[in-house]
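A short write-up of the structure that comes next.
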Amino acid sequence: MRYSLGGKQYKKTLGTSDEDQALQRAYEIWHEQSFRNKQGLSLDSHPFAEVAEEFIEKVVAEAERDERSKYHPIYWPPIIRRFPVGYFGDRPIETITTADIERYMEWRKTYWTTGPGLQVQKIRCEREDGRIFIRPAPRKVAALSTIKGEMVIIREIFEQAAKWGYCKPIIIPAVKARKKPDTRRPGFSPEEYERLLNKSLERISEPQQSVRLIKAKDGRVWTQSTLTGRVRSDRVRLHAYIEFMASSGLRPTEAKNLTWSNILRYRETKDLPLFQQDARLQVYGKSKHGDAVPLHGAIQALHMLWNIFVGEVGREPTDDDPVFADAQGRPILSFQRGLNALLKAADLERDQRGVKRTAYSLRHFYISQMLANNVSIHHVARNTRTSIAMIDKHYAQVNTEQIKDFLRPGEEDLMNEPKLLDDETYDEIALLERRLAELKAGATTERTADKLSQKYGGRRA
């Protein structure tokens, strides 16, 4: 077909030998081109890749004229050629819609993990000073900030293409951050932890009830022991476990692996006065290992565990014996069942978000309390064998009420109740103020000076 529009002659192949089909396609092309002509759009189709290269030339020229930032012609061309050109290629720019941009953003996010970038091993980079270097290709999902920055470039490309008449303006979707799930570990407030300990002590102190009568639906009757010495010992062990974990910040796996050989300084100091007792922990588990300095609450827990072991096994623990051992001296693999029962009894099974508490919550409590007491986050991270980023993401859940004194620097004395002066001190201050007033007024009377001289042992004021 041949047709004239805008003072120019055009010739197009219809791609069919069927006359009726050719006539239909010719009318479709004619009406489409007539519409584009009325809208002031270019009658020629422009592949996206060609428009992108034309845009890059414009960016370089504007930067040379100081009409835009100098880093645009350095950093923008590689981004344009790798990502939008790699996705849209030679597709006519006038056919690209908002929906296509949405699909592009999803493709871009995983370019280096599951997309074409997976085949790229090295990236050639050029710095502003002209230096060129090679770096490994990233193997991660594109960050939100990266996508936002690149969408600024794509928005400019389509805005400029619309000004050139290559396409109609389209809406470029905004990059929105979806709300991240709350992944913080469920912990305890100081009041909740105190309630947990009180409930534990209450359960240990329950009166002895050795048997109770059980009646089954089928008529069978039998008796069952309720709170025997064994149950009481288990509850004491659980209480010691809670105090130890909340005073050391260990992971449950690390605590399970502890033997008495891993408890340093304890044997030598356990019979000394309280202020001289000490302990250090050699910790391993979760592919990490290191030394830990626990709070003194952990030493009291070790006393309980030591004494229970001696009472039930009939000897002192050796280096190979587990710290958390049952009545036969075998390692206790988990306290979760007993802890769940205690949490339920104390009405602390879940936190305010409804997340179920576990033994890990005691580690969270330790870290949060250390931060609330202004311990350096670097020191806390090292003592708990984790990273600062992990603490901030999962553990650093500090109640602002706990750190209120740090949030009011220099105002520590404002909330203290003022102290009333006694009569003697008040009279002394009044006498000094009177003397100062006389000196300022140039008074010649020595009456006040004599009183001060008598009061301060003959020295004249």
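- Taking a 6.0 Å sphere around CZ of R65, one finds it holds more than 12 heavy atoms contributed by other residues, nucleotides or ligands.
- Closest of all the heavy-atom pairs between V85 and A52 is CG2-CB, 3.6 Å.
- For the pair T253 (side chain) and G285 (backbone), a donor-acceptor distance under 3.5 Å is absent.
- To the nearest 0.5 angstrom, F48 atom CZ is 13.5 Å from Y166 atom OH.
- Going from atom CG of L302 over to atom CD1 of I263 covers 5.5 Å, rounded to the nearest 0.5 Å.
- Within 6.0 Å of the CD atom in E67, the count of heavy atoms belonging to other residues, nucleotides or ligands exceeds 12.
- Of the possible donor and acceptor atoms, none in the side chain of D278 sits under 3.5 Å from a partner among the backbone N and O of R265.
- Annotation: D347, atom CG; neighbour count of heavy atoms from other residues, nucleotides and ligands within 6.0 Å does not exceed 12.
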Show the numbers, then the answer: is there a side chain to side chain contact (heavy atoms under 4.5 Å, CB included) between F188 and R195? CA-CA 10 Å; F188 300 95; R195 196 165 91 208; over 6 Å; no

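- The pair D234-R337 does not count as a salt bridge, with every side-chain nitrogen at least 4.0 angstrom from each carboxylate oxygen.
- Shown here is R315, whose CZ atom has more than 12 heavy atoms of other residues, nucleotides or ligands within 6.0 Å.
- Atoms OH and CD1, from Y75 and I80 in turn, are 15.0 Å apart once rounded to the nearest 0.5 Å.
- A side chain to side chain contact (heavy atoms under 4.5 Å, CB included) with R363 is found for one member of L250, T358, T386 and no other, namely T386.
- Nearest heavy atom pair, residue Q328 against residue V313, reads C-CG2, 4.3 Å.
- Between the side chain of D321 and the main chain of T318, a donor-acceptor pair closer than 3.5 Å is present.
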Please determine whether side chain to side chain contact (heavy atoms under 4.5 Å, CB included) holds for the pair L305 and Y241, giving the CA-CA distance in whole Å, both sets of side-chain angles, and the decisive distance to 0.1 Å. CA-CA 9 Å; L305 294 167; Y241 177 79; over 6 Å; no

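- A distance of 9.5 Å separates CZ of F365 from CD of E192, quoted to the nearest 0.5 Å.
- The shortest side-chain heavy-atom distance between H46 and W164 does not fall under the 4.5 Å cut-off.
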Any chance you could lay out the side-chain hydrogen bond (donor to acceptor under 3.5 Å, both in side chains) test for D20 and Q24, step after step, and finish with the verdict? CA-CA 6 Å; D20 293 334; Q24 181 181 353; over 6 Å; no

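- Put simply, the side chain of S247 never gets that close to the backbone of F244: no donor and acceptor are under 3.5 Å apart.
- In this pair, Y87 and W107 present their aromatic rings tilted. The plane angle is within the 30 to 60° band.
- Closest approach of I332 to K256, counting heavy atoms only: O-CG, 4.1 Å.
- The heavy-atom pair separating S361 from P186 by the smallest distance is OG-O, 2.6 Å.
- For the pair R232 (side chain) and I204 (backbone), a donor-acceptor distance under 3.5 Å is present.
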For E106 and K109, what are the C-alpha separation, side-chain angles and deciding distance, and is it a salt bridge (charged side-chain N to carboxylate O under 4.0 Å, His left out)? CA-CA 5 Å; E106 287 299 317; K109 289 177 184 177; 3.4 Å; yes

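- The shortest distance between side-chain heavy atoms of I154 and Y104 falls below 4.5 Å.
- To the nearest 0.5 Å, atom CG of residue L258 and atom OG of residue S261 are 9.0 Å apart.
- For the pair F88 and T95, the minimum side-chain heavy-atom distance is 4.5 Å or more.
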Evaluation steps, salt bridge (charged side-chain N to carboxylate O under 4.0 Å, His left out), between E202 and K199: CA-CA 5 Å; E202 179 185 321; K199 177 56 71 172; 3.2 Å; yes

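- The aromatic rings of W76 and F55 sit parallel to each other, their planes meeting at less than 30°, with 60° as the upper class boundary.
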Going through the distances and angles, do R82 and I123 end up as a side chain to side chain contact (heavy atoms under 4.5 Å, CB included)? CA-CA 11 Å; R82 181 180 297 277; I123 300 177; 4.1 Å; yes

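- Considering only heavy atoms from C-beta on, L238 comes within 4.5 Å of L339 through its side chain.
- Side chain of R139 to main chain of T113: no donor-acceptor pair is present (N/O by atom type, distance under 3.5 Å, no hydrogens or angles).
- Using a distance-only test at 3.5 Å, with no hydrogens or angles considered, a donor-acceptor pair links the side chain of R357 to the main chain of R350.
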Could you walk me through whether E312 and R230 pass salt bridge (charged side-chain N to carboxylate O under 4.0 Å, His left out), step by step? CA-CA 9 Å; E312 291 185 334; R230 181 187 59 80; over 6 Å; no

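- For Q300 and H296, the side-chain atoms include no donor-acceptor pair closer than 3.5 Å.
- G187 approaches H364 most closely through the heavy-atom pair CA-CD2, 3.0 Å.
- In this structure, N257 contributes its side chain and E254 its backbone to no donor-acceptor pair below 3.5 Å.
- Taking CE of M245 as the reference point, atom CZ of R251 lies at 10.0 Å (rounded to 0.5 Å).
- The closest donor-acceptor contact from the side chain of T269 to the backbone of L272 lies at 3.5 Å or more, if one exists at all.
- Counting heavy atoms of neighbouring residues, nucleotides and ligands inside a 6.0 Å radius, atom CD1 of I134 exceeds 12 of them.
- Closest non-hydrogen pair, R280 versus P294, comes out as CA-CD, 4.4 Å.
- Residues I96 and C167 have side chains not in contact (no heavy-atom distance under 4.5 Å, counting atoms from C-beta outward).
- Taking 4.5 Å as the limit, every side-chain heavy atom of D319 sits out of range of all side-chain heavy atoms of T259.
- In terms of modelled atom types and a separation under 3.5 Å, the side chain of N373 and the main chain of V375 share no donor-acceptor contact.
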So K356 and E349, side chain to side chain contact (heavy atoms under 4.5 Å, CB included) or not? Walk me through it. CA-CA 6 Å; K356 186 174 173 51; E349 203 171 4; 3.5 Å; yes

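- Looking at E50 and E53, their side chains never come closer than 4.5 Å, going by heavy atoms from C-beta outward.
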Let's go through E156 and K58 carefully: what are the C-alpha distance in whole Å and the side-chain angles of both, what is the deciding distance for salt bridge (charged side-chain N to carboxylate O under 4.0 Å, His left out) to 0.1 Å, and is it a yes or a no? CA-CA 11 Å; E156 281 205 32; K58 182 176 184 297; over 6 Å; no

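- In this structure, the side chains of I242 and Y193 come closer than 4.5 Å at one or more pairs of heavy atoms.
- Here ring pair (Phe, Tyr, Trp, His ring centres under 6.0 Å) pairs that include residues 252-273, with residues two or more places apart or in two chains, are W260-Y266, W260-W306, Y266-H303, Y266-W306.
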